[in-house]
Amino acid sequence: MNDVPEQLFIGGVWRDALDGGTFAVEDPATGAVIGRVADAGPKDARLAEDAAVEAQEEWARTAPRARSEILRRAYELVLSRSDELALLMTSEMGKPLAEARGEVAYAAEFFRWFSEEAVRIDGGFGILPDGRNRMLLMRRPVGPCLLVTPWNFPLAMGARKIGPAIAAGCTMVLKPAPQTPLSSLALAGILREAGLPDGVLNVVTTSRAGEVVEPLLRGGRIRKLSFTGSTQVGRLLLAQCADTVVRTSMELGGNAPFLVFDDADVDAAVEGAMTAKMRNMGEACTAANRFFVHRSVAEEFGRRLAERMGALVVGPGTAQGVDVGPLIDAGGRAKVADLVADAVGRGARVLVGGAAPDGPGHFYPPTVLAEVDPGSRLMETEIFGPVAAILVFDGEDEAVRRANDTPWGLVGYVFTEGLDRALRVSERLEVGMVGVNTGLVSNPAAPFGGVKQSGLGREGGRVGIDEFLEYKYLAVPVR
Ligand code: NAP
């Protein structure tokens, strides 16, 4: 976008950080600086919190239809700027333009979905068992929220939180990831244009996340934290929320198993693997991390997956025909390279890829590893890169047991032509979501989220708005 703001957005006003500080945003394909955004400190964050607190009461009184229409306009504006937003996202995050356009549509859809939910917030009425007391149930906005988002889906992770918060009548302070702040700032501009009142959404970009976030969580005025990011940071923030009993939604890391049974359609499994592994260059919480393939189809699956992965074009996300962009930064690429080296050192066979090219840019080639040792480090950590690790299993019980042998539980993928097996295995997998013969589960109309250390709560779907609402019960005796 030509005129992406690079300042903080507080109380409806674009302004510099109080100390005038800025930090650079880089293009991961080239390392070039593409912008400098305001670097907020704790005092700036306090001002953003003040604005959100001040706007809360009036915003909660706004007619649901008015909130709905703001979201609807935002949906249309986001879509009408699809090309510009996609280019912006590709420039700061690296994903190919076609994928970035897909994310723009996905992000917009959260605004449409929650514009429809805003006018469907219901309550309840009941006669209590004693026959005398009546119960009225109201649903009220939680209050000012802090939203903290990661860099991997710069537009969608913000929209998935902002949409339901607006629908519910909550005000917000959004702290985006420092690698990708421009998409969030562009979104704030669009929401303002869509008619969002001043102070409802405030955006604080910072290179000092800890210093900015902790005082807000401990200050007693923020009533809810909605966080998407790593389990490690999620744990830390949960602890910070404990003292002031801040309500939380935590969308954390994953370690998705991808199960291919002997009765699977191998074409569908390879196609599903391409999506589940390669969406966002593998930098997705939903990325298939561990491929468990039945011994009878393992060789064919591995060979065909390697052919498909090897045919992908790696390059800058803005270039024509590119399928795989760079990873987010040097650290991200080094982590992937280390995990591959560890697996190879333990005997994994490289079917394709496996060696990072020289710079510039943080590129890593699509890689398939077969005969991966279960003790390899990539089995117990998110690879967050274009690397498929294949292990062989013999029986259904074994596959389920190994799939569940992890502290994470976001998503699993099951490929089988048997409906009974699909249902049985889906029930047994310890995850919040299952892709049955598909490598894609994300949909704004479905509840997204995990179990175990993958998080608390759900985003999207009918229940997504619940995360931003409280019940209030009125006891009314009737004589
Ligand atoms: P991250 O390091 O946990 O950071 C996420 C956000 O938290 C960033 O804005 C980050 O800012 C901030 N943060 C980090 N330390 C903080 C602290 N001490 N106090 C307050 N805020 C802090 O995760 P990431 O590398 O950006 O994203 C990748 C992770 O997100 C993966 O684990 C992935 O699985 C997960 N993810 C989960 C979902 C889901 O829906 N379950 C979706 C997408 C991504 P700084 O970078 O400045 O520290």
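The basis for the numbers below is simple: all heavy atoms, side chains too, and nothing from hydrogens, waters or symmetry mates. Counting starts at 1 for both ligands and their atoms, in listed order.
With a 4.0 Å heavy-atom cut-off, ligand 1 is reached by the side chain of Phe448 but not by its N, CA, C or O. Under 4.0 Å from ligand 1, the heavy atoms of Arg160 that appear belong solely to its side chain. Looking at Gln232 against ligand 1, nothing comes within 4.0 Å, counting heavy atoms. Contacts between Val148 and ligand 1 below 4.0 angstrom, taking non-hydrogen atoms only, involve the side chain exclusively. The part of Thr149 lying near ligand 1 is the backbone, judged by heavy-atom distances below 4.0 Å. Contact annotation for Val212 and ligand 1: no heavy atom of the residue comes within less than 4.0 Å of the ligand. By the criterion of a heavy-atom distance under 4.0 Å, the side chain of Met157, and not its backbone, is placed next to ligand 1.
Evaluated by nearest non-hydrogen atom to atom 30 (O) of ligand 1, the leading choice among Pro178, Gly229, Gly234 is Gly229. Comparing heavy-atom distances from atom 22 (C) of ligand 1 across Ala209, Gly450, Gly210, Ala156 singles out Ala209 as nearest.
Between Phe384 and Trp151, the ring center distance clears the sub-6.0 Å criterion.
For atom 23 (O) of ligand 1, the nearest non-hydrogen atom of the protein is Ser230 N, 3.5 Å.
Here is the list of ligand 1 atoms found below 4.0 Å of a heavy atom in Gly253: 32 (O), 34 (O). For ligand 1, the atoms lying closer than 4.0 Å to a non-hydrogen atom of Phe384 are 28 (C), 31 (C), 33 (C), 34 (O). Ligand 1 places these atoms under 4.0 Å from at least one heavy atom of Val233: 3 (O), 13 (N), 14 (C), 15 (N), 16 (C), 22 (C). Near Thr228, with a cut-off below 4.0 Å to any heavy atom, the atoms of ligand 1 are 5 (C), 36 (N), 37 (C), 38 (C), 39 (C), 40 (O), 42 (C), 43 (C), 44 (C). Within ligand 1, the atoms closer than 4.0 Å to a non-hydrogen atom of Leu236 are 18 (N), numbered from 1 in the order shown.
Annotation: ring-ring contact (aromatic ring centres under 6.0 Å, His included) contacts of Phe9 (sequence neighbours excluded): Trp14.
Residue contacts with ligand 1: Lys175 is placed with a nitrogen or oxygen under 3.5 Å of a nitrogen or oxygen of the ligand (distance criterion only). Among the atoms of Glu382, some N or O lies under 3.5 angstrom from an N or O of ligand 1.
A cation-pi arrangement is present between Lys224 and Phe468, with the terminal nitrogen or guanidinium carbon under 6.0 Å from the aromatic centre and inside a 45° cone about the axis.
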